[in-house]
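So the structure is just underneath, and the comments pick up after that.
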Amino acid sequence: MMDYDVIVIGAGPGGMTAAMYAARANLKVAMLDRGVYGGQMNNTDDIENYPGYQSIKGPELGERMYETATNAGVEFVYGDVQEVTIDEQQTKHIRTDSDDFTTKVVIIATGSTNRKLGVLGEEKYSGKGISYCAVCDGAFFKNKDVTVVGGGDSAISEGLYLANITKNVNVVHRRDELRAQKVLQNRAFANDKMAFTWHAGVTEIMGDDQHVTGVRMLDNQTGEEKVINTSGVFIYVGNVPNSQMFKKLNITDEAGWIMTDTEMATSIPGIYAVGDVRQKKLRQITTAVGDGGIAGQNAFEYIERLNYEATIKQ
Ligand code: NAP
């Protein structure tokens, strides 16, 4: 059983910042992740809204954050968290697929995962023309026609990325107005390789034995059905929180987002949450980093209080 002052679950920007702040306060900190550090930054090409950089590649920013955290003394540990429990002494127990840990503070930074569209053919052609990551899979569609589903920041920024590689990008959106930031919208509308299909709900992703060949959609205003030919479908219809393993703690809302106060504290003393997994409005690297700083500092103050109370009792 390995014991720490603080265990951060998830090594995205929020988690790495929280871990770095706690380690700089001279606490013994582990950062657990079930994969490589960096989180969703690893799937992002150019980041243009992180202060200090005109533009930086997602994996590079992840690398720099990791170096800052580990240089401060954070230990990176592989582990897929299965459950967190709390004993009578308020010690937190973390069970992963490989090891068990105890800690005074848990900071949850597990982020979110792409939401599935839930239509016919999505499961069948996943990895055979359907993707949720343009940076990972865009190169397979060089000079081909692709379809992007969604109208948010992800759909438009990834659509712009795909426009550099593919022949044409058709953005299929259920309304006639994009949700994405204006700066991305302007860039997309000005791009000759990008087209838009409005008021369209995808009902089926079609294909042959091997690969995606088309998308069936319904115009939600006229009721008209149409099929377009496409070689690839990139789905960006929002995210779902990675919080299933914390369900028993009763700290999530109905949709699974973790509820915190402005200090990143959940309703359980010593358990904090930061970044995209948190119930909040603006999910960005900058806001995750802000959450992380607050939680890391509060972890330190919480442990100080525990130590003080222990001294009084003696
Ligand atoms: P999002 O903002 O939730 O947008 C999801 C999009 O998918 C919306 O346009 C939505 O349509 C559409 N949609 C949802 N369910 C659908 C369905 N069942 N069928 C068809 N369309 C559906 O998700 P996101 O774009 O992945 O972004 C997630 C978070 O990350 C956001 O906070 C975003 O700002 C942030 N992010 C930021 C950047 C950046 O700053 N560069 C880049 C990527 C992501 P409606 O508009 O009609 O609801």
Side-chain angles (χ1 to χ4, degrees), residues 12-14 38-62 109-123 130-136 138 147-163 169-189 194 196-205 215-221 228 233-242 255-258 274-291:
Q40 288 189 39
M41 290 190 290
N42 291 327
N43 303 335
T44 309
D45 188 37
D46 290 318
I47 294 165
E48 297 180 351
N49 55 2
Y50 193 77
Y53 297 98
Q54 198 61 43
S55 174
I56 182 164
K57 299 285 176 199
E60 189 188 341
L61 186 57
T110 44
S112 61
T113 307
N114 293 101
R115 180 186 286 141
K116 300 274 187 293
L117 200 49
V119 297
L120 211 62
E122 185 173 18
E123 217 168 294
I130 296 179
S131 169
Y132 303 84
C133 176
V135 177
C136 317
T147 301
V148 167
V149 186
D153 282 338
S154 299
I156 304 310
S157 59
E158 303 305 299
L160 283 162
Y161 174 81
L162 288 167
V169 178
N170 184 8
V171 177
V172 173
H173 185 37
R174 63 184 178 183
R175 293 189 289 139
D176 61 0
E177 200 182 335
L178 298 174
R179 181 182 289 277
Q181 305 161 46
K182 279 279 178 269
V183 61
L184 291 175
Q185 292 196 26
N186 294 343
R187 230 178 273 169
F189 292 142
M194 289 187 75
F196 295 84
T197 306
W198 304 112
H199 294 296
V202 171
T203 52
E204 183 181 355
I205 298 168
V215 171
R216 189 191 302 278
M217 55 186 107
L218 203 61
D219 186 310
N220 58 31
Q221 294 227 307
I228 55 162
V233 182
F234 288 81
I235 299 172
Y236 294 106
V237 292
N239 296 311
V240 286
N242 294 325
W257 304 103
I258 297 182
V274 302
D276 283 9
V277 75
R278 199 164 77 78
Q279 184 193 64
K280 64 175 182 178
K281 200 170 155 207
L282 189 62
R283 294 192 171 86
Q284 302 272 298
I285 301 171
T286 49
T287 60
V289 163
D291 291 357

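Remember, it's 1-based here, ligands and their atoms both numbered in the order they're listed.
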With side-chain hydrogen bond (donor to acceptor under 3.5 Å, both in side chains) as the criterion, how do T113 and N242 come out once you've worked through the C-alpha distance, each side chain's angles and the decisive distance to 0.1 Å?
CA-CA 7 Å; T113 307; N242 294 325; 2.4 Å; yes
Name of the residue among D45, V135, N42 meeting side-chain contact (heavy atoms from CB on, under 4.5 Å) with K57
D45
Please list, by chain and number, the protein residues whose heavy atoms come under 4.0 Å of ligand 1.
N49, R115, L117, G150, G151, G152, D153, S154, H173, R174, R175, R179, Q181, Y236, V237, G238, N239, R283, Q284
Does K280 pair with D291 as a salt bridge, N-O distance under 4.0 Å?
yes
Just to verify, what does F189 make a ring pair (Phe, Tyr, Trp, His ring centres under 6.0 Å) with, not counting sequence neighbours?
F196
Hey, what do you get for CD1 (I47) to OG (S55), rounding to the nearest 0.5 Å?
8.5 Å
Does Q181 CD have over 12 foreign heavy atoms under 6.0 Å away?
yes
